[in-house]
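Structure record follows, encoded as structure tokens.
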2 protein chains.
Amino acid sequence: MGRQAAAPESRKLSAGETAEDARTHILDAAEALFENEGYRAASVRAITAKAGVNLAAINYYFGNKEALLEAVCQRRLGPLNEARLRKLKEIRAGARRVGRKVELQPVLRAFMAPALLLKESGGSAAGFPALFGRALADPDDTVQRIIFKMMKPVHQLMLEMMGEALPGVSREEVFWRYQFVIGAMARATRVYKNPRFRGAGLEDPGPEGGVNTLIDRLVSFTLAGAQAAPGMNIKCKKNSAPESI
Amino acid sequence: MGRQAAAPESRKLSAGETAEDARTHILDAAEALFENEGYRAASVRAITAKAGVNLAAINYYFGNKEALLEAVCQRRLGPLNEARLRKLKEIRAGARRVGRKVELQPVLRAFMAPALLLKESGGSAAGFPALFGRALADPDDTVQRIIFKMMKPVHQLMLEMMGEALPGVSREEVFWRYQFVIGAMARATRVYKNPRFRGAGLEDPGPEGGVNTLIDRLVSFTLAGAQAAPGMNIKCKKNSAPESI
DNA sequence: AACAGTTTTAAACGATTGTATTAAACGGAG
DNA sequence: CTCCGTTTAATACAATCGTTTAAAACTGTT
């Protein structure tokens with residue numbers, strides 16, 4: 001714990017802002033490597049090499065590798081979750097104003113769109129959704145704790161508003177439908193524009209292969225799924241006709 | 001590469017079957033540790049210690065750690081995918097027999113049920129679905145290659161049959177809906193019975209908290225999602241009334 | 001009992017990991 | 001210029017990684 005909090009706090013750089021540059025370069029390199037290799041596999045040596053800084057720079061600026069991961073996530077997930085919460089509360093306020101219950105579709109869109117829109121934000125942020133999609137399933141406890149802490153307010157509000165939008169559906173049922181939404185979105189962030197899936201049934205990006213199309217598909221899928229009547233599909237495999245339409 | 005294929009091939013053990021026991025103990029320990037720690041983080045020392053065998057046993061029986069992961073996956077995913085393919089072909093044959101198109105609901109059930117049913121198969125296999133759910137998002141290339149190779153036949157048949165069950169839906173659209181199905185299922189395998197999510201909006205396991213309930217929820221959600229009309233939810237955010245129902 | 005093949009053991013290998021240390025280079029203020 | 005706080009640099013550290021080696025222990029057969 002020797003040099004605790006050695007990060008610069010005086011902030012009186014003026015000329016080249018080199019310190020802020022180094023931090024940013026490290027964050028960018030770490031984001032890219034965490035996305036492609038995972039948290040554990042991305043070594044501090046690889047990160048510092050890619051960032052063009054010295055090996056010790058990570059410990060100097062962030063303390064340790066775990067704090068770096070937290071900073072990487074915070075940089076993107078902070079504004080992203082703020083946008084989500086703002087939009088969700090806006091939706092709820094709008095519904096209150098006209099004395100109606102919250103509508104499910106804009107809620108799902110408010111949750112998913114900000115994340116996927118990062119994908120076409122030219123800069124280095126484009127890689128974060130995939131990184132986050134990975135992190136959701138990362139076995140590392142460090143990753144899980146960081147993600148869970150940052151997502152908790154969003155999770156709570158989403159569960160509350162989905163519950164309101166789905167009257168008569170039990171809390172447990174709402175919980176699971178929200179999990180399915182998360183799963184579908186997380187999968188999308190990892191598959192979209194991933195060269196591994198090129199040609200695996202997906203020939204061209206298509207005439208409308210942009211992120212907006214993907215968001216529409218996700219919202220359409222999860223909206224119908226979350227509104228589905230439960231238990232309709234139990235034990236009707238043999239006697240009924242195969243299709244109706 | 002020194003001792004290539006040093007695995008026992010003569011198979012003339014008779015008394016205690018100790019060799020097969022060691023292999024099985026290693027597979028069980030590796031399965032549990034891969035599930036909880038991930039492929040990279042689960043060291044061969046931890047695996048062999050948990051299995052109660054010598055450190056060198058993994059290299060002796062499997063060659064290296066990567067081959068061990070492949071064996072772990074093969075042991076569960078082999079029979080599992082066989083069951084899936086058998087059921088899917090059965091469904092298709094049944095549809096052909098009556099001259100109709102394949103129905104989507106049994107297709108989704110045939111894909112998801114065998115995997116989730118492992119969760120309540122008392123033995124060590126119960127941990128595999130979560131392991132597989134993780135592996136789907138694992139950043140490690142080794143993991144991805146193994147999973148992709150084993151899943152390819154299932155993926156191909158699923159895409160084909162979902163395409164048949166969804167006439168008029170483009171191949172690209174079918175591809176994405178299948179990805180959403182995979183994502184929802186993968187998320188379910190990792191959340192179900194995970195102590196981390198206990199109390200996060202899910203108070204009790206509920207009176208019907210078994211795997212069958214989860215499967216029904218998944219099938220219900222993904223069936224409605226995959227059958228949803230696409231693009232219905234575009235551009236209706238501002239001018240229309242906040243809610244209609 | 002002596003042998004041959006299989007399995008288990010203890011020890012060590014080189015490589016890589018995250019972090020700590022210590023000194024050198026930098027840059028504006030006095 | 002000199003000084004001082006900040007940043008960079010090279011190097012070393014202990015720990016752990018997957019794998020290899022060679023000898024010991026065990027097995028059933030002759």
Side-chain angles (χ1 to χ4, degrees), chain A residues 1-26 29-30 33-34 37-72 140-143, chain B residues 1-26 29-30 33-34 37-72 140-143:
Chain A
M1 296 292 176
R3 179 184 296 171
Q4 87 291 0
E9 305 187 10
S10 43
R11 299 273 90 248
K12 50 182 165 182
L13 298 170
S14 57
E17 281 290 316
T18 71
E20 207 54 39
D21 280 358
R23 271 185 70 101
T24 304
H25 289 158
I26 292 174
L33 286 176
F34 285 161
E37 325 265 353
Y39 170 65
R40 289 189 102 104
S43 68
V44 302
R45 282 170 177 80
I47 295 170
T48 51
K50 187 181 180 73
V53 299
N54 186 265
L55 167 63
I58 285 181
N59 296 280
Y60 177 75
Y61 281 105
F62 300 94
N64 53 28
K65 191 186 178 185
E66 177 174 338
L68 169 62
L69 171 65
E70 196 157 355
V72 167
D140 196 296
D141 248 18
T142 300
V143 178
Chain B
M1 295 290 180
R3 178 185 296 172
Q4 87 290 0
E9 305 187 10
S10 43
R11 299 270 93 250
K12 50 182 167 184
L13 299 169
S14 57
E17 281 291 315
T18 71
E20 208 53 37
D21 281 358
R23 272 186 69 101
T24 304
H25 289 159
I26 292 173
L33 286 175
F34 286 160
E37 325 264 354
Y39 170 66
R40 288 189 102 102
S43 69
V44 303
R45 283 171 175 81
I47 295 170
T48 51
K50 187 181 178 73
V53 299
N54 186 267
L55 167 64
I58 285 180
N59 296 280
Y60 178 74
Y61 281 106
F62 299 94
N64 53 28
K65 191 187 178 185
E66 178 175 337
L68 169 62
L69 171 65
E70 198 158 354
V72 166
D140 196 296
D141 247 19
T142 300
V143 178

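Any value given below was found using the heavy atoms of this structure, including those in side chains, with hydrogens, waters and symmetry copies removed.
Note: NZ (Lys65(A)) to P (dT16(C)) measures 15 Å, nearest angstrom. Rounding to whole angstrom units, CG of residue Leu33(A) and P of dT17(C) are separated by 12 Å. One can place CG of Leu69(A) at 12 Å from P of dG18(C), the figure rounded to the nearest angstrom. Rounding to whole angstrom units, CZ of residue Arg40(B) and P of dT17(C) are separated by 9 Å. Atom-to-atom, CD1 of Ile58(B) to C1' of dG18(D) comes out at 10 Å; the value is rounded to the nearest Å. Put simply, OH on Tyr60(A) is 13 Å from C1' on dA25(C), counting in whole angstrom units. Atom CD in Glu66(A) sits roughly 18 Å away from atom P in dT17(C) (whole-Å rounding). Atom CG in Asp21(A) sits about 13 Å away from atom P in dG27(C), given to the nearest Å.
In this structure, CG on Leu68(B) lies 9.0 Å from CZ on Arg23(B), to the nearest 0.5 angstrom. For the atom pair CG of Leu55(A) and OG1 of Thr48(A), the computed distance is 5.0 Å after rounding to the nearest 0.5 Å. Rounding to the nearest 0.5 Å places CG of Asp21(B) at 11.0 Å from CD1 of Ile26(B).
The side chain of Tyr61(A) places an N or O atom within less than 4.0 Å of a non-bridging phosphate oxygen (OP1 or OP2) of dT8(D). Close to dT19(C), at under 4.0 Å from its OP1 or OP2, lies a side-chain N or O of Asn59(A).
Residues Val72(B) and Ala30(B) share a closest heavy-atom pair of CG2-CB, 3.8 Å.
Between the side chain of Asn64(B) and the backbone N or O of Ala67(B), at least one donor-acceptor pair lies under 3.5 Å.
Within the 4.5 Å cutoff, the side chain of Phe62(A) has no heavy atoms near those of the Leu69(A) side chain.
Across residues 43-56 of chain A, Arg45(A), Asn54(A), Leu55(A), Ala56(A) each have a non-hydrogen atom less than 4.0 Å from an atom of DNA chain D (numbered order).
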I'd like a table of donor-acceptor pairs (distance under 3.5 Å, sequence neighbours excluded) in which one partner is a side-chain atom from residues 38-45 of chain A, with atom names and distances.
{"from": "Tyr39(A)", "atom 1": "OH", "to": "Glu66(A)", "atom 2": "N", "distance (Å)": "3.4"}
{"from": "Arg40(A)", "atom 1": "NH1", "to": "Asp140(A)", "atom 2": "OD2", "distance (Å)": "2.6"}
{"from": "Ser43(A)", "atom 1": "OG", "to": "Ala46(A)", "atom 2": "N", "distance (Å)": "3.1"}

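Residue Asn64(B) places its side chain closer to dT19(D) than to any other of dT7(D), dT6(C), dT19(D).
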